[in-house]
2 protein chains.
Amino acid sequence: MVHAFIKKGSFQDSVSLMLISRKLSESPDVEEISVMMGTPANKSLLEATGFWHPQFSEATPNDICVAIKADSADSHITAQISESLEAALKAIAQGQQGGERLLKARSWRMARQKLPEANMALISIAGEYAAGLADQALEDGCNVMMFSDNVSVEQEVALKTKARSKGLIVMGPDCGTASIAGAPLAFANVAPQGTIGIIGASGTGIQELMSQITLAGQGISHAIGLGGRDLTAEVGGISAISALRMLAADPQSRVLAFVSKPPAAEVRQRVIAEMKTLGKPVVALFLGTRAAKQQEDNITFAATLDEAARLAAMLAHVQQMAAEQPAVCGSKICGLYAGGTLAAECAMLLGEQLGLEGDSKHHQGSMLNADGHHIIDMGDDFYTQGKPHPMIDPSTRNQEIARLAQQPQVGVLLLDVVIGYGAQEDPAGSLVNEVKRLREKRGEAHPLAVIATVTGTEQDPQQRSKQITTLSEAGIAVMNSLPEAVQLACQLIAPPLLGVSEPVPAMLAGVAVINAGLRSFADDLQTNDISVVHYQWAPVAGGNQRLANILKKLK
Amino acid sequence: MVHAFIKKGSFQDSVSLMLISRKLSESPDVEEISVMMGTPANKSLLEATGFWHPQFSEATPNDICVAIKADSADSHITAQISESLEAALKAIAQGQQGGERLLKARSWRMARQKLPEANMALISIAGEYAAGLADQALEDGCNVMMFSDNVSVEQEVALKTKARSKGLIVMGPDCGTASIAGAPLAFANVAPQGTIGIIGASGTGIQELMSQITLAGQGISHAIGLGGRDLTAEVGGISAISALRMLAADPQSRVLAFVSKPPAAEVRQRVIAEMKTLGKPVVALFLGTRAAKQQEDNITFAATLDEAARLAAMLAHVQQMAAEQPAVCGSKICGLYAGGTLAAECAMLLGEQLGLEGDSKHHQGSMLNADGHHIIDMGDDFYTQGKPHPMIDPSTRNQEIARLAQQPQVGVLLLDVVIGYGAQEDPAGSLVNEVKRLREKRGEAHPLAVIATVTGTEQDPQQRSKQITTLSEAGIAVMNSLPEAVQLACQLIAPPLLGVSEPVPAMLAGVAVINAGLRSFADDLQTNDISVVHYQWAPVAGGNQRLANILKKLK
C-alpha cells in the first residue's frame, strides 16, 4: 500500500531530490519510494505510476511529495521516513554551505544586482517555469542556456526570435551541454583551449566531439548548444544561424564542427548556405545521413562523430601549419614524388579539392597537369632509364626541384620522403640541401612553401623522427598524411577569409552567469573561476501561475 | 665534346654505378658524366641522351661504359677519370668484403648448393635477363620477388602461370616492396609484427600502409607485392589471387589490406569474389576510385592510403579485443545508452552492419528494434519524467541492465559512459557493480560480453583513464569509438571463420633467399638474420644471348 506525506515549503532541485530519494529508499521497510516537488506535471506522474495519495492534491510546487510503497500497513512508517527526510535536507543544506563562497540570490533582480555584468542565464528549473525566466533574462540582455525541457515549441520560437532581435542567443530548451569562453555550462567536458568551434543540436554529440577532438590532440574554442528542436521546420534553425555567425566573427575559432540530427529540408538549405558564407572550414555531421559528396565548398560532411572530430582536428592542424608558412606569392602547386602511388593519390586528392581532372596518359610521369598545377611521379620510366629509382638516387628529383627557381608562379612544393631498407641513407638531408639552394635562388621576393610527408617507421634505419626533424628544421612543413598535405597546399594558395570585420560577440569574450536550478552547475562554474550567482529559484506565489502573473504585473 | 672509355669485364649493379657516377662527377673538368653497363638498352639510352661514342659499339653487358661531357678537348681527361674509376671500384670491392660474412656464389647452381633450403629468389638484375633467371628459380621450387622492370607482359604471364601450377608466387616484375615472415625484400619498412596482412600492386602503397599502420599502433604479418601490372586484363590478377589464398590460410594474418590501382573490370570481379570467400575482414583500396558502398560483406572499401591503414588498424584492434571476450551464446545485441546522440549513432551503425532498419518512431527511446537487437536511448522522456537524466542518476539504466538476467538470447551489451561536469561522480563504478550482479545472475551458462565507450577527457573530474581502468578491470571491453564498439559487437555474434583448414604456405613460415642483383638487398636480409646467399650475377656469355642459349642447352 502507499503511505504519503508532504513537506511544505521546501523547494529542492532534481539532483537533491534524487539524493534524498536514494537515502530514503535504503530504509528496510520501504519497497519503493517517490520523492517529487508538487508541480502539476509531477502530480500527473505520481498518479500514472501508482504513487498517488489523496493528500497530494493540496501540495504546491514548493512542497515535497513523498510516496512510500510498503507491505506494512503500519502508518508509523511515514514518521520514520519523515525523520530521515529532515536529516537528509539538513545534510544537503550543510553540504551547500561548506567551503566555497558561492554568491546566492533569492530573486532574479537580486541576482542581477550581485552580478551586474551577467550576460548568461543558465536555467535548469522545472519546464513549466523555464520559459518565463528565460524571457526575463533576455529582457535584461542575457543570453540563455536552457537545460530545462518540457518547454513548448511556441515558447521556444518566441524566445529565440526575441534573442535574435537583441543580438543574443538561446541555447535550448533541453540543451545539455555548452562551453563558452572556458565556462562549462551544464554537462561539459574539460577540453584543451584550441581553435575548433563546435555547434550542436545534441548534447552528447557535442560531448563526444569534445572528447575525440581532445584525443586527437586538438582543442576547442567554444561549444554552442542549440537544443534538439532548433533545426526543425517550426524553429527554423534560428539559434543555429546565430551560432554560426558568432563563431564566424570569432578569431579564436578557425575551424567549425557542426552536429545535429538531419534538419528539415528547408532548414538544411538555410544552414548550409550560411556555412558557405563563413570563410572558414566547416565539418558538418547530420547524424544518420551519409552525404553523396563529401566536400561542398568549405564544408566537409562526416558520417560519424569520430569522423567529424578527426576531420575537424585535421583541419585545425592544417590551419596551425598554414600559419607557420611563408605568405605564398605563386598560386600554383608542384608535386615531385619518388613514390608512384603517393603521386597518384596526391593527384587524386588535389584534383578533388580544386575540381581538376587528373592526367590519364601519365606522359613522363605526369599524374596531374592542369591549371598550372603539376604532380609528377619521378619514379616513372622516363626518369629511371639507366638510372636508379629516385628513392635510391635523389639526383633526378633534385634537378626538377632546382628548375623551380625559374618558376615563380609555383608557390607550393609537395614532396615525399620514403625511407626504409633499400632507400637512401638520408633522403631528408639531401632534399633539405636542394630546397635551401632553391630558396636562395628564388630570393625573398618569391617565397616557396614546401610540404612533405614521410613514409616509414621509427624502426627504419633512417628513423622516421630524425627525418622529420631534419625537414622541420629547414622550414619544411611535415604533415601526417597525404590528405593533410594536400589540404595544406590548397589552403596556402587560397587562404580562407579569416578577417571577418564584425566585432567579436560579447558572449564569446567571456561569460558571467546567473544560475537558476541545479546548484551543482553553479559550483562547477565557480570551480572554473567563472563569475556566477546562484539564483535560489522557487516557484513564485507557491507555483500558482495566476497569482504569479498578477505579481508580475504589479512589479 | 664527349670523351669515352670502356672498362672491360667488370660487372657492377646499378647502385654501385650510381655511387661511382657521383664520385667521378666531382672532378672539376667534368661537365656531365654517364656510367653504365654496356647492355643493348643502355646503349640506346646513351645514344638518345647524347652520350654516344663509337667505342661503345664494342662494349658487352659486362663492360662499364663511361662517357664524359667536358669543354676541354684535352683527351687526357679520360686517363684521369679512368684512374678515379679504378679507385672507386677498389673502394666498392673493399667495402663489400668488410665485416659481414655474406655467403656468395658465382652461379645459380652454386647458390642453391650453399642454401639448399632457399625458397625465394630476389631478382634485381637488368630486365633483359630477369625473366630467364626467374624461370630457373621457379623450376627449382623458389618463389620469386622480381624487383627488375623491363620484363615483357608475356614473360610475366608465363612466369606467373608456371608459379601458380607449382603452388608458388611471383611478386613483380617491377615489385619494389615485400616483407615475408620478417624478411625485408627490397624496399621495405620495419613494422612491428602484427596481424595485418598486406597485398599490394604498388610499392610505395605498401610502404605507406606499413608506415601508417605502425603509427596507428598495429603491426603486420606479411606484405606481399604483386607488381603494377598484375591486375590488368592481360595478367588477370594471377598473383593477387595466390596472395589472397596464402594469407587466407595464414593464421597470423587476421585482417587483410589490399592496395592497387583500379583493376580491369573482370579482374576486379574475380579479386572481389575471392576476397569474399576468405572468412577474414578485408580493407580494399583501388586507388583513384571512391566506392559507392563502403561495405560489401567482409570487404571495406577505402579511398586513401591513410584511410585504408586506419580501417585495417581498427579491424585488427577489434580482432584483438574479440579474442579477449567470452564466447557468446546469445546472438542478440542490446544497447543501453545514456547519450541520445550516441544511441542514434550506434543504431545507425548497427543497422548498416546487419542490414536492419532503424526504429523511426523512437517509441520509449527505442532507436533500433529489429531481429531481436535493441538499442535504447535511456535519456528519452519516457525514462526521465520526474527523474534526473541517466547521466546523473544511473538507476533507470541499472534496472534495464538487471532485466537482461531474463534475456539469455542477448549475448552482447553495448553501453556508454559519459563523464564531465554535471555527470555522476563515478559512472563506471556504478555500471561495473550492476554488470557484476547481472553476470552472477546469468551464470556461466549464459556469458555476456559487455562493450563500452567513454565520452570525456583526461581533465574531466572523473578522469577518462580512471574510468577506463575501472571498466577494463571488470572485464568490460572499452573501445575508442562507436564504430569500433559496433564492429566488435557484430564480430562477437558472428565471428569470422578463421579456422581455414589449408596448411600454411611454406613461404609464410619463413624465407631463405637467393639474391641476384643489388647486393645491398642481401646485406639488409643478413642484418635481419634471414638466411641469404648473394648470387654475384653477371650476364652469361658476356651478355651474348645466342651464346647464352647454346650454353643453357649444353648444361
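Chain letters run A, B, ... following the sequence lines, proteins first and then strands; every chain starts at 1.
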Assess the residue pair Tyr421(B) and Thr527(A) against the criterion (side-chain contact (heavy atoms from CB on, under 4.5 Å)); give the C-alpha distance rounded to whole Å, side-chain angles, the decisive distance to 0.1 Å, and a yes or no. CA-CA 11 Å; Tyr421(B) 285 118; Thr527(A) 306; 4.2 Å; yes
Part of Leu46(A) within contact of chain B (heavy atom distance under 4.5 Å): neither
Could you look at Asp149(A) and say if it's the side chain, the backbone, both or neither that has a heavy atom under 4.5 Å from chain B? side chain
Using a cut-off of under 4.5 Å for heavy-atom pairs, which of [options] has the most such pairs with chain A?
| options | answer |
| --- | --- |
| Leu342(B), Asp381(B), Asp416(B) | Leu342(B) |
| Ala41(B), Ser520(B), Pro483(B), Pro192(B) | Pro483(B) |
| Ala344(B), Pro184(B), Gly456(B), Gly205(B) | Gly456(B) |
| Gly339(B), Ser481(B), Ala188(B) | Ala188(B) |

Any donor-acceptor pair under 3.5 Å linking the side chain of [X] with the backbone of [Y]?
| X | Y | value |
| --- | --- | --- |
| Gln212(B) | Asn480(A) | yes |
| Glu345(A) | Leu287(B) | no |
| Ser211(B) | Thr457(A) | no |

Partner set under side chain to side chain contact (heavy atoms under 4.5 Å, CB included) for Ala223(A), not counting sequence neighbours: Ser179(A), Ile198(A), Ile206(A), Met210(A), Ile220(A)
Walk me through it: do Leu482(B) and Asp306(A) pass the test side-chain contact (heavy atoms from CB on, under 4.5 Å)? CA-CA 8 Å; Leu482(B) 274 172; Asp306(A) 77 307; over 6 Å; no
Heavy-atom side-chain contact between Met348(A) and Thr304(B) under 4.5 Å: yes
Test item: Leu305(B) and Thr341(A) side chains (from C-beta on) under 4.5 Å apart, heavy atoms: yes
I'd like to verify something: which residue of Val418(A), Leu19(A), Asn528(A) has the highest number of heavy-atom pairs under 4.5 Å with chain B? Asn528(A)
Could you pull out the closest heavy-atom pair between Gly422(A) and Asp524(B), with the gap in Å? N-OD2, 3.6 Å
With sequence neighbours left out, write down each residue that passes salt bridge (Lys or Arg N to Asp or Glu O under 4.0 Å) with Asp460(B), or none if nothing qualifies. none
Going through the checks in order, is the side-chain contact (heavy atoms from CB on, under 4.5 Å) test met by Arg22(B) and Ser395(A)? CA-CA 9 Å; Arg22(B) 269 199 219 152; Ser395(A) 58; 5.9 Å; no
Using the side-chain contact (heavy atoms from CB on, under 4.5 Å) rule, take Arg464(B) and Leu215(A) through it: C-alpha gap first, then chi angles, then the decisive distance, then the call. CA-CA 11 Å; Arg464(B) 181 181 177 88; Leu215(A) 288 175; 3.4 Å; yes
